[in-house]
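In what follows, a structure is listed as structure tokens, so that the remarks can point back to it.
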Amino acid sequence: MEHKFTTDNFDNEVLGSDIPVLVDFYADWCGPCKMMAPVVEQLAEEYEGKLKVGKCNIDEEEAVRARYGVMSIPTMKIFVKGEEAASVVGAMSKEALEAQIKEVL
């Protein structure tokens with residue numbers, strides 16, 4: 001299941017999570033973000049219970065975007081125990097993103 005991360009719930013849902021969290025920073029108008037959406041959705045299902053997966057719309061959540069210095073989208077960040085453990089920018093294959101996840105898990 002994909003989560004929706006907002007300014008209001010980010011600290012609790014992402015930084016306070018008991019399991020690692022993948023955050024997909026995206027925008028509705030972004031073509032590469034749309035290409036990544038099905039990949040992120042598949043990973044959310046495949047890693048259910050081991051990895052919390054969700055999206056953060058940078059147009060709606062400017063404070064979170066600024067806090068983590070997201071300058072290009074899509075940007076995927078993985079947080080472990082409240083700390084940023086990995087960050088990748090741009091569209092990529094499911095295998096490439098999964099390799100990043102496996103490094104952290």
Side-chain angles (χ1 to χ4, degrees):
M1 173 183 95
E2 274 185 339
H3 297 266
K4 181 177 179 180
F5 301 129
T6 65
T7 302
D8 293 336
N9 75 8
F10 197 88
D11 286 357
N12 188 47
E13 290 288 324
V14 176
L15 304 182
S17 178
D18 293 335
I19 60 174
V21 182
L22 171 71
V23 180
D24 174 11
F25 290 92
Y26 78 102
D28 291 331
W29 48 263
C30 168
C33 299
K34 290 178 183 176
M35 288 173 35
M36 290 302 299
V39 170
V40 173
E41 193 174 314
Q42 284 178 349
L43 291 171
E45 291 174 18
E46 291 173 17
Y47 284 87
E48 183 79 37
K50 293 182 271 186
L51 177 73
K52 185 185 287 187
V53 177
K55 300 172 105 34
C56 182
N57 185 319
I58 63 159
D59 290 332
E60 296 172 359
E61 309 302 336
E62 175 65 26
V64 178
R65 184 213 60 78
R67 181 175 171 186
Y68 291 99
V70 176
M71 303 298 283
S72 299
I73 51 173
T75 291
M76 312 286 174
K77 292 188 180 281
I78 303 172
F79 293 84
V80 178
K81 297 181 181 162
E83 299 291 323
E84 185 179 322
S87 181
V88 290
V89 178
M92 66 197 73
S93 68
K94 179 183 176 194
E95 293 75 21
L97 183 53
E98 204 164 15
Q100 291 290 318
I101 292 167
K102 288 179 179 175
E103 276 186 35
V104 174
L105 293 181

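With sequence neighbours excluded, no residue forms a side chain to side chain donor-acceptor pair (under 3.5 Å) with Glu41. Residues passing the side chain to side chain donor-acceptor pair (under 3.5 Å) test with Lys55, sequence neighbours excluded: Asp24.
Using a 4.5 Å cut-off between side-chain heavy atoms of Ile, Leu, Val, Met, Phe, Trp and Tyr, with links allowed through other members, Val40 and Leu105 fall into the same hydrophobic cluster. Val14 and Val70 fall within a single hydrophobic cluster, where Ile, Leu, Val, Met, Phe, Trp and Tyr side chains are chained together by heavy-atom contacts under 4.5 Å. Residues Val104 and Val88 share a hydrophobic cluster, clusters being chains of Ile/Leu/Val/Met/Phe/Trp/Tyr side chains in contact below 4.5 Å. Residues Phe10 and Val80 do not share a hydrophobic cluster, clusters being chains of Ile/Leu/Val/Met/Phe/Trp/Tyr side chains in contact below 4.5 Å. Both Trp29 and Val64 are assigned to one and the same hydrophobic cluster, defined by single-linkage of ILVMFWY side chains at heavy-atom distances under 4.5 Å.
Of the candidates Glu48, Met36, Met76, Lys94, Lys94 is the only one forming a side-chain contact (heavy atoms from CB on, under 4.5 Å) with Leu43.
Between Phe79 and Phe5, the gap from one ring centroid to the other reaches at least 6.0 Å.
Residue Asp18 holds its CG atom at 10.0 Å from NZ of Lys81, rounded to the nearest 0.5 Å. To the nearest 0.5 Å, atom OG of residue Ser93 and atom CE of residue Met35 are 10.5 Å apart. Atoms NZ and OG, on Lys52 and Ser17 in that order, are 4.0 Å from each other to the nearest 0.5 Å.
Checked by atom type and distance alone, the side chain of Thr75 pairs as donor or acceptor with a backbone atom of Ser72 at under 3.5 Å.
Of all heavy-atom pairs spanning Pro74 and Ala91, the tightest one is CG-N, 3.9 Å. Closest of all the heavy-atom pairs between Ile58 and Ala27 is CG1-CB, 4.2 Å. Across every non-hydrogen atom of Ser87 and Lys77, the tightest pair is OG-NZ, 3.2 Å. Closest approach of Lys34 and Asp28 over heavy atoms only: CE-O, 2.8 Å.
For the pair Val21 and Glu13, the minimum side-chain heavy-atom distance is 4.5 Å or more. Between Met92 and Val39, the closest side-chain pair of non-hydrogen atoms is not below 4.5 Å.
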Point to revise | Pair Tyr68-Val23, side chain to side chain contact (heavy atoms under 4.5 Å, CB included): steps then yes or no | key: CA-CA 11 Å; Tyr68 291 99; Val23 180; over 6 Å; no
Point to revise | side chain to side chain contact (heavy atoms under 4.5 Å, CB included) evaluation trace for Asn57 with Tyr26 | key: CA-CA 5 Å; Asn57 185 319; Tyr26 78 102; 3.7 Å; yes
**Study point:** Evaluation steps, side chain to side chain contact (heavy atoms under 4.5 Å, CB included), between Arg65 and Glu62
**Key:** CA-CA 5 Å; Arg65 184 213 60 78; Glu62 175 65 26; 2.7 Å; yes
Exercise for review: Check step by step if side chain to side chain contact (heavy atoms under 4.5 Å, CB included) holds for Tyr47 and Ile19.
Suggested key: CA-CA 11 Å; Tyr47 284 87; Ile19 60 174; over 6 Å; no
